[in-house]
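Ligands are counted one by one from 1 in listed order, and the atoms in each one are counted from 1 as well.
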Amino acid sequence: MDVAAQWAGGVLTINLGAIAANYRLLTQIVRQADGESHAAVCAAAIKADAYGLGASLVAPVLERAGCRDFFVAHLAEGLAIRPAIRDDASSVFVLHGPPPGTARDFHEAGLTPVLNSMEQIAEWRALAKALGHPLAAVLQVDSGMARFGMTAMEVEKLTADPSLLDGISTVLVMSHLACADTPEVASNHSQLAEFRRLSALLPAAKRSLAASSGIFLGPDWHFDLVRPGAALYGVNPTPGRPSPVRSVVRLQARVIQTRTVPKGQAVGYGGYFIAPRESRIALLGIGYGDGFLRSVSNRGTAILPRRSDRPLPVIGRVSMDSLAIDVTDLGDDTVSAGDLIDLIGPHNPLDEVASAAGTIGYELLTDLGGRYHRIYTSE
Ligand SMILES: *Cc1c(COP(=O)(O)O)cnc(C)c1O
């Protein structure tokens, strides 16, 4: 290992084998729930650089696990990832659809747009006409989230005038759930009913409604294709219940120095923590400049793996490049410069750290910056 890597402020270990295992697990779940013969296909959301984990490394792993359908958000993400996907027959769907004037770029790069509005439909239809052959696309309808996709009124317009879809070969009709992580919420059922109604008005095609959490609502939500992202990357898709998926990331911070502070000493910016006793503190080389959220100030816990029985509280404000933890309770078995301490790991899982920071695993993952030494494993 070179010296820069060896002394990075933090080490982010990404287990590609766990991502593949999670993909196979989700495939298995839809297969069991739906029955072998009409099981939904499992796609993968790899937007936002595969939730910060590195799409160009994650996509080929998913492809080897059998995935043939990939979702990104932006055209730029689609252009970047297409060459990393080996099978030309695999699809890269771009959720935000074609911005004005970009239909040709989509077509030439082999990207399939998700068409979310009448404008985007017109854009794609015009290119199909100019080329003189049909072009594949996904149609998105809004079933009650009011984010992307055609409203019920727009779908009715498309029904009344089928020429609006001339030259568009609809390969998938999709929608997205607002509250899939809270199964008891009624909107999961009303969105399901509305999706059924709207998709029946559109050209016959495969259908897709569920992302990670939607898979766990049950087979009614699976249709022909499910589109998990978070669950592949170790975020619990069933909050409040034990996670069905394997954890994928471990984040270790390097100890820069330790110091002893007297009782009553204010620690860090704003004097946000006052030592209640003489304390041994360790300064770690990770801060909010690494995407480790400032909201864990005075709240998170770090774990020294050999002493996992003793959670080490984060004290004071998280700085840009560092944070402080209280290691007093380690006694004589203390830490020293160069030691690695888990900020996310087997004893402090991603979802718990996110929750301590007042956010969700999705945000914590996608925030983890480019400053760590990254290790990709495949156990
Ligand atoms: C992000 C996204 C997904 C994946 O969602 P997860 O909750 O991460 O599984 C699927 N579909 C759409 C439309 C999305 O925006």
Contact atoms of ligand 1, heavy-atom distance to [X] under 4.0 Å:
X	answer
Met174	13 (C)
Pro228	9 (O)
Ala45	4 (C)

At a 4.0 Å cut-off, with the gap strictly under it, does some heavy atom of [X] reach an atom of ligand 1?
X	value
Arg147	yes
Tyr51	yes
Phe148	no
Gln140	no
Ala231	no

Ala230 versus ligand 1: do any nitrogen or oxygen atoms come within less than 3.5 Å of each other?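 N/O-N/O distance under 3.5 Å: yes.
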Do Gly229 and ligand 1 have an N or O pair less than 3.5 Å apart?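 N/O-N/O distance below 3.5 Å exists for this pair.
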For Arg104, I'd like to know if atom CZ has over 12 heavy atoms of other residues, nucleotides or ligands within 6.0 Å.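 Open.
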So, are Lys157 and Glu154 salt-bridged, with charged N and O less than 4.0 Å apart?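 Salt bridge flag = no for Glu154 with Lys157.
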May I ask you to decide whether Asp329 forms a salt bridge with Arg307, counting only side-chain N to carboxylate O separations under 4.0 Å?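 Answer for the salt bridge query: no.
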Give a yes or no on whether the backbone of Gly287 and the side-chain of Ser322 come within a donor-acceptor separation of less than 3.5 Å.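 Side chain of Ser322 to backbone of Gly287: no pair is present.
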Do [X] and [Y] make a side-chain contact, defined as non-hydrogen atoms from C-beta onward lying under 4.5 Å apart?
X	Y	result
Leu95	Phe148	no
Ile14	Leu57	no
Phe106	Leu135	no

Find the distance between CZ (Arg24) and SG (Cys42) and round it off to the nearest 0.5 Å.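 Spacing of CZ (Arg24) from SG (Cys42) equals 12.0 Å.
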Considering only non-hydrogen protein atoms, determine which one is nearest to [atom] and report residue, atom name and distance to 0.1 Å.
atom	value
atom 7 (O) of ligand 1	Tyr362 OH, 2.6 Å
atom 5 (O) of ligand 1	Ala211 CB, 3.4 Å
atom 9 (O) of ligand 1	Ser212 OG, 2.5 Å
atom 15 (O) of ligand 1	Lys47 NZ, 2.7 Å

If you measure from each non-hydrogen atom of [X] to ligand 1, which part falls under 4.0 Å: side chain, backbone, both or neither?
X	result
Arg227	both
Phe71	neither
Val235	neither

Can a cation-pi geometry be assigned to Arg207 and Phe223, taking NZ or CZ under 6.0 Å from the six-membered ring centre and within 45° of the ring axis?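 The answer is no, since Arg207 fails at least one limit relative to Phe223.
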Do the rings of His74 and His96 sit parallel, tilted or perpendicular, given the 30° and 60° boundaries?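 His74 vs His96 ring planes: perpendicular.
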Just say parallel, tilted or perpendicular for the rings of Tyr51 and Tyr362, cut-offs at 30° and 60°.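 Aromatic pair Tyr51/Tyr362 classed tilted.
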